[in-house]
Amino acid sequence: MQPRILRLNQAGQPIEWLDWQEAVCLFARELVVWTLGDVIKRVRGGYRRDTGIQTSMALPSIIACAGEQLARPQTHHPLSNPALFARDGYLCMYCARSFATSDLTRDHIVPTSRGGDDRWENVVAACRRCNQHKADRLLNELNMQLVALPFRPNNAEYLALINSRRILGDQMEFLRGQFSRNSRLL
C-alpha cells in the first residue's frame, strides 16, 4: 500500500491526504511552496528534447501549497465508524476493554429515540455486550459511566484518524503538534 502525502495550506494547516499522482500535479502546476519530511517516492518522467536527460521528481511526505486563496481546514468532519473507533482507541467506552473493529459498535450516549443526535459529541465506541445492555436507556438510569468523554476531532486529529493505518512517523509528528491539548490521541 502506497503511503499518502499530507497536504497543508501555505500557513501550515493540514488540509487533506493526497496520492502521489495528485502531488505530482501540484508540483507541475508550481503550487507547492514548501515541503517537509522524508522523500517517499521518486517519479520519473519523459526525456528532455534539448538535453536527452530523463526528468525526475522526489515527492516528500508533507507538502504546503499556495493558491489564489488560503485553503481552510474543514470544521465539520463526517462521522464514520472507522474514525470513531480510532478516536476511542478501539476501546469500549463503557467496560474499557480493547476490541477488534468488527467487535465494536456505535453507541449513542443519549439514544436517538430520546432526541440524541448522531454527532461526534454524542457517540462512543462500545462492545456489543455493553451496547445491548445499555439499549435505549440513559447512563444515569443504569448507573453506568463513560471511560472517557467523546469529542469532535479538530482537522489534524481527524486526518490522523482516517489515515491511521498508513500514516508515516514524520507526518504524525507534524499533526500531533496541532492536536488539541485535551486530545486522547497524543
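Below, each value reflects all heavy atoms present in this structure, side chains not excepted, and no hydrogens, waters or symmetry copies.
- The main-chain N or O of N122 is never found under 3.5 Å from a side-chain atom of D117 such that the two would form a donor-acceptor pair.
- None of Q13, R72, H77 except one satisfies the side chain to side chain contact (heavy atoms under 4.5 Å, CB included) rule with N155; the exception is H77.
- Taking CZ from F99 and OG1 from T105, the interatomic distance works out to 9.5 Å, rounded to the nearest 0.5 Å.
- The number of heavy atoms from other shown groups lying within 6.0 Å of CD (Q54) is above 12.
- Using modelled atom types, no side-chain atom of Q178 and backbone atom of N154 make a donor-acceptor pair closer than 3.5 Å.
- Residue R152 holds its CZ atom at 6.5 Å from NE2 of H76, rounded to the nearest 0.5 Å.
- Distance alone, capped at 3.5 Å, places no donor-acceptor pair between the E22 side chain and the I5 backbone.
- D88 has its side chain out of reach of L104: every pair of non-hydrogen atoms, C-beta onward, lies at least 4.5 Å apart.
- Taken from OG in S61 to CD1 in I167, the straight-line distance is 9.5 Å, to the nearest 0.5 Å.
- Here the straight-line distance linking atom CD of E157 with atom CZ of F151 works out to 5.0 Å at 0.5 Å rounding.
- Enclosure of atom CG in D50 by more than 12 non-hydrogen atoms of other residues, nucleotides or ligands within 6.0 angstrom is indicated.
- Between the side chain of R48 and the main chain of T55, no donor-acceptor pair closer than 3.5 Å is present.
- More than 12 heavy atoms of other shown residues, nucleotides or ligands fall within 6.0 angstrom of atom CD in Q2.
- For R176 (side chain) and E173 (main-chain N/O), no donor-acceptor pair under 3.5 Å exists by modelled atom type.
- Heavy atoms only, all atoms of each residue included: G52 and Y47 are closest at O-CD2, 3.4 Å.
- Rounded to the nearest 0.5 Å, atoms CG (L18) and SG (C65) are 7.0 Å apart.
- Both L6 and V33 belong to a single network of hydrophobic side chains, linked directly or stepwise wherever heavy atoms of I, L, V, M, F, W or Y lie under 4.5 Å apart.
- For the residue pair S102 and R128, the shortest heavy atom distance occurs at O-NH2, 2.8 Å.
- Counting heavy atoms of neighbouring residues, nucleotides and ligands inside a 6.0 Å radius, atom CD of E121 exceeds 12 of them.
- For K41 (side chain) and P3 (main-chain N/O), no donor-acceptor pair under 3.5 Å exists by modelled atom type.
- Across F179 and A160, no two heavy atoms sit closer than the pair CZ-CB, 3.8 Å.
- The 12-atom threshold is not exceeded at CZ of R97, counting heavy atoms of other residues, nucleotides or ligands nearer than 6.0 Å.
- Residues Q171 and I62 have side chains in contact (heavy-atom distance under 4.5 Å, counting atoms from C-beta outward).
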